[in-house]
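Written out below as structure tokens is the structure these notes cover.
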Amino acid sequence: MEDLHEFFGMTIKNARMDCGLTQEALAERAGISCRYLIAIENEGRIPKLPALYRLIHSMHISADRIFYPEQPSEGSERAQLAHMLESCSDRDIHILLGTVKAMLQEQ
């Protein structure tokens, strides 16, 4: 079981690093202490569900990235973008839609 805990922590750490976040930045975004995040990443601590949800949400990644890390991440940037869109307000979506339309017209 200890190996599973270490593997879980490494998966969280790799996702954080891929997102370009420091431990301090992710902990602040997720509303947890930096010490708690260090314990998760390096000491095999398994976060409680609300903290895990906030970590995943704060990194704008799919939960599959954490629970199924062995699956290839084809289109991971597309998946990350789709996940981020779910967090946007209607106003944000309107702005993004206009930006994408303008970008496509430039091509």
Side-chain angles (χ1 to χ4, degrees):
M1 186 68 128
E2 191 171 309
D3 290 337
L4 180 61
H5 288 197
E6 289 175 16
F7 183 74
F8 187 83
M10 183 60 73
T11 302
I12 295 283
K13 183 176 186 174
N14 289 339
R16 174 184 59 78
M17 292 172 64
D18 288 349
C19 291
L21 295 170
T22 64
Q23 288 175 323
E24 294 82 10
L26 178 56
E28 184 176 327
R29 282 185 182 188
I32 62 174
S33 72
C34 190
R35 179 70 196 116
Y36 186 43
L37 180 57
I38 290 169
I40 293 167
E41 288 186 355
N42 301 326
E43 300 167 12
R45 179 128 185 226
I46 300 295
K48 293 188 179 200
L49 187 56
L52 179 59
Y53 172 82
R54 290 193 310 268
L55 284 167
I56 291 168
H57 189 76
S58 296
M59 289 188 279
H60 303 291
I61 61 172
S62 167
D64 286 351
R65 171 101 187 258
I66 302 302
F67 293 106
Y68 302 102
E70 68 281 354
Q71 290 183 353
S73 57
E74 285 184 39
S76 63
E77 288 182 337
R78 289 178 186 262
Q80 187 176 3
L81 181 59
H83 183 74
M84 291 169 77
L85 285 172
E86 293 173 17
S87 302
C88 291
S89 68
D90 288 342
R91 180 180 177 276
D92 295 337
I93 296 291
H94 180 74
I95 292 168
L96 288 169
L97 185 59
T99 303
V100 171
K101 284 180 180 178
M103 182 186 72
L104 292 174
Q105 287 175 352
E106 291 292 318
Q107 292 183 353

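What you see is a predicted model, and the numbers here were worked out from it, not measured in a lab. Side-chain atoms are counted along with the backbone in the values below, which use heavy atoms only and exclude waters and symmetry mates.
- Under the 3.5 Å distance criterion, with hydrogens and angles disregarded, no donor-acceptor pair is assigned to the side chains of N14 and T11.
- In this structure, A27 and L37 approach most closely via the heavy-atom pair N-CD2, 4.0 Å.
- Taking each heavy atom of A25 and L21 in turn, the nearest pair found is CB-CD2, 4.2 Å.
- For the pair F67 and L52, the tightest heavy-atom approach, listed with the atom from each and the gap, is CZ-CD2, 3.4 Å.
- Grouping the Ile, Leu, Val, Met, Phe, Trp and Tyr side chains by contacts below 4.5 angstrom, directly or via other members, places Y68 with I56.
- Looking at R54, its side chain does come within 3.5 Å of a backbone N or O of A30 through a donor-acceptor pair.
- Summarising the geometry of Y36 relative to K48, their closest heavy-atom pair is OH-N, 3.2 Å, with the distance given to 0.1 Å.
- Grouping the Ile, Leu, Val, Met, Phe, Trp and Tyr side chains by contacts below 4.5 angstrom, directly or via other members, places Y53 apart from I32.
- The side-chain heavy atoms of N42 and K13, taken from C-beta on, include a pair separated by under 4.5 Å.
- Distance check: S89 OG to I95 CD1 gives 7.5 Å after rounding to the nearest 0.5 Å.
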Chi angles and distances behind the side chain to side chain contact (heavy atoms under 4.5 Å, CB included) call for R35, E43: CA-CA 11 Å; R35 179 70 196 116; E43 300 167 12; 2.7 Å; yes
Worked check of side chain to side chain contact (heavy atoms under 4.5 Å, CB included) between M59 and R16: CA-CA 7 Å; M59 289 188 279; R16 174 184 59 78; 4.0 Å; yes
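- Between the side chain of D18 and the backbone N or O of A15, no donor-acceptor pair lies under 3.5 Å.
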Trace of the side chain to side chain contact (heavy atoms under 4.5 Å, CB included) decision for L55 with I66: CA-CA 10 Å; L55 284 167; I66 302 302; over 6 Å; no
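- E28 CD: 12 or fewer foreign heavy atoms inside a 6.0 Å radius.
- A distance of 4.0 Å separates CD of E24 from SG of C34, quoted to the nearest 0.5 Å.
- With I12 as the partner, the side-chain contact (heavy atoms from CB on, under 4.5 Å) test is satisfied by one option alone out of E41, R65, M17: E41.
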Criterion side chain to side chain contact (heavy atoms under 4.5 Å, CB included) on H60 and C19, from CA distance to verdict: CA-CA 9 Å; H60 303 291; C19 291; over 6 Å; no
